[in-house]
Undergrad: 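Here it is: the structure, laid out below.
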Amino acid sequence: GSLYRSQGHYAKAEPLFLQARDLRKRVLGTRHPDYSRSLHNLATLYQSQEEFEKAKPLFLEACNTFKRTIGTEHSDYAMSLNNLAWLYRSQGDYTKAKALVLEARDIFQRLRGTEHQDFAMCRSNLAILYCDMGDFARATPLFLEARDILKRVVGTEHPDYAACINNLA
């Protein structure tokens with residue numbers, strides 16, 4: 001399903017994601033992290049298609065299930081928060097989006113430190129939110145910091161570095 005989603009073959013991806021979710025639910029139950037991952041994958045598929053009303057309850061359930069099963073100090077939980085934030089951003093709810101990006105950033109900082117790709121991407125995502133809100137003075141230093149971290153940890157040929165400098169431009 002993830003391969004098809006990344007290639008834009010959403011109609012092929014959806015039945016696979018649904019099947020994986022249903023199998024994991026039946027075999028593992030709803031209190032297992034792999035079930036949460038299935039919800040998250042399905043939600044990202046719907047988000048990719050801008051079907052936000054389908055994605056939102058799945059992201060919320062995935063976050064809650066991750067919270068119950070692996071706790072709040074885990075990268076999967078933080079990534080789920082970040083993706084839910086992006087959904088809120090897409091809907092123009094910058095207040096909710098900002099709170100979630102900040103929470104994800106704090107988790108990544110505690111787990112991986114400030115010299116990590118995930119932390120840098122949260123800085124960049126926060127900068128994008130500030131741009132959306134018209135607060136370019138707060139966005140610029142965040143983009144610069146994210147750019148510098150990404151340059152050090154993944155290099156200048158990495159897609160995340162390119163996305164960051166594109167957003168800065």
Side-chain angles (χ1 to χ4, degrees), residues 1-10 12-13 16-17 33-34 36-52 55-56 58-59 62-63 66 70-169:
S2 295
L3 174 65
Y4 285 140
R5 182 188 63 221
S6 68
Q7 295 174 333
H9 300 299
Y10 303 132
K12 290 180 180 180
L16 296 173
F17 281 137
D34 286 344
S36 300
R37 289 180 188 97
S38 290
L39 295 172
H40 186 265
N41 288 338
L42 189 56
T44 57
L45 172 71
Y46 292 141
Q47 187 175 29
S48 298
Q49 299 172 83
E50 297 185 3
E51 294 184 45
F52 302 124
K56 185 176 179 179
L58 294 168
F59 275 135
C63 285
F66 277 136
I70 57 177
T72 59
E73 292 299 307
H74 194 282
S75 60
D76 286 348
Y77 177 71
M79 192 60 66
S80 199
L81 291 175
N82 189 63
N83 288 340
L84 179 58
W86 229 235
L87 182 137
Y88 285 130
R89 175 191 176 253
S90 299
Q91 295 180 316
D93 192 340
Y94 303 128
T95 302
K96 284 183 181 177
K98 180 182 172 186
L100 292 172
V101 168
L102 289 171
E103 186 177 354
R105 179 209 60 196
D106 292 347
I107 293 168
F108 283 129
Q109 182 175 356
R110 286 190 299 273
L111 292 175
R112 298 181 172 153
T114 58
E115 288 295 308
H116 193 277
Q117 179 180 359
D118 291 334
F119 177 79
M121 292 310 296
C122 283
R123 302 298 279 173
S124 182
N125 289 345
L126 186 57
I128 292 168
L129 283 172
Y130 284 133
C131 285
D132 290 345
M133 294 186 286
D135 193 347
F136 303 109
R138 291 179 82 178
T140 302
L142 293 170
F143 278 133
L144 292 170
E145 181 185 359
R147 179 203 61 193
D148 293 346
I149 295 168
L150 289 168
K151 185 176 184 179
R152 288 189 299 271
V153 299
V154 299
T156 59
E157 298 298 314
H158 194 277
D160 286 347
Y161 178 80
C164 187
I165 61 171
N166 180 69
N167 291 332
L168 176 59

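All values below come from the heavy atoms of this structure, side chains included, with hydrogens, waters and symmetry mates left out. Numbers for residues simply follow the sequence, beginning at 1.
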Undergrad: Under 3.5 Å, side chain of N167 to main-chain N/O of A163, donor-acceptor pair present?
TA: yes

Undergrad: For F59 together with H40, are the ring centres under 6.0 Å from each other?
TA: yes

Undergrad: Taking everything shown except Q7 itself, do over 12 heavy atoms lie less than 6.0 Å from its CD?
TA: yes

Undergrad: Distance from K98 atom NZ to R89 atom CZ, nearest 0.5 Å?
TA: 15.0 Å

Undergrad: For a 4.5 angstrom cut-off between non-hydrogen side-chain atoms, does M121 reach F108?
TA: no

Undergrad: Taking the basic N atoms (NZ, or NE/NH1/NH2) and the acidic carboxylate oxygens, is any pair closer than 4.0 Å for K151 and D148?
TA: no

Undergrad: Can you tell me if Q117 and D160 form a side-chain donor-acceptor pair at under 3.5 Å?
TA: yes

Undergrad: Do you know which two heavy atoms are closest between A13 and R5, and how far apart they sit?
TA: CB-N, 3.8 Å

Undergrad: Give a yes-or-no answer on whether the side chains of S124 and R147 include a donor-acceptor pair shorter than 3.5 Å.
TA: no

Undergrad: Just so I know, are the side chains of F66 and R37 near enough to count as touching, which here means a heavy-atom distance under 4.5 Å?
TA: yes

Undergrad: Out of curiosity, Y4 OH to K12 NZ, how far, rounded to the nearest 0.5 Å?
TA: 5.0 Å

Undergrad: Supply the atom-to-atom distance E145 CD to L150 CG, rounded to the nearest 0.5 angstrom.
TA: 10.5 Å

Undergrad: Return the CG to CG distance between L3 and L16, rounded to the nearest 0.5 Å.
TA: 10.0 Å

Undergrad: Flag the pair L100 / N82 as yes when at least one side-chain heavy-atom distance between them is below 4.5 Å, and no otherwise.
TA: no

Undergrad: Contact between V153 and H116 at the side-chain level, heavy atoms closer than 4.5 Å - yes or no?
TA: no

Undergrad: How long is the span from the CD atom in E51 to the OH atom in Y10, to the nearest 0.5 Å?
TA: 10.5 Å

Undergrad: Please report the shortest heavy-atom distance between N41 and F17, naming the atom on each side.
TA: CB-CE2, 3.4 Å

Undergrad: Can you name the nearest heavy-atom pair linking S36 to A62, along with the distance?
TA: O-CB, 3.7 Å

Undergrad: With a 4.5 Å heavy-atom cut-off, do C131 and F136 have their side chains touching?
TA: yes

Undergrad: Evaluate the side-chain proximity of E103 to D106: yes if any heavy-atom separation is below 4.5 Å, no if none is.
TA: no

Undergrad: Would you say CD of E73 has more than 12 non-hydrogen atoms from neighbouring residues, nucleotides or ligands within 6.0 angstrom?
TA: yes

Undergrad: Donor-acceptor check, side chain of S48 to backbone of T44, threshold 3.5 angstrom: yes or no?
TA: yes

Undergrad: Quick one: closest heavy-atom pair of I107 and T72, and the distance?
TA: CD1-O, 3.2 Å

Undergrad: Check whether more than 12 heavy atoms from other residues, nucleotides or ligands sit under 6.0 Å from atom CZ of F52, and answer yes or no.
TA: yes

Undergrad: Could you tell me which non-hydrogen atom of T114 sits nearest to which non-hydrogen atom of F119, and how far apart they are?
TA: O-CD2, 3.3 Å

Undergrad: Whether the side chain of S80 engages the backbone of D76 through a donor-acceptor N/O pair (distance < 3.5 Å, no angle test) should be reported.
TA: no

Undergrad: How about V101 and Y94: do any of their side-chain heavy atoms sit closer than 4.5 Å?
TA: no

Undergrad: Working to the nearest 0.5 Å, report the span between CD of E115 and CD of Q109.
TA: 11.0 Å

Undergrad: For residues F143 and C164, report the shortest heavy-atom separation together with the two atoms involved.
TA: O-SG, 3.6 Å

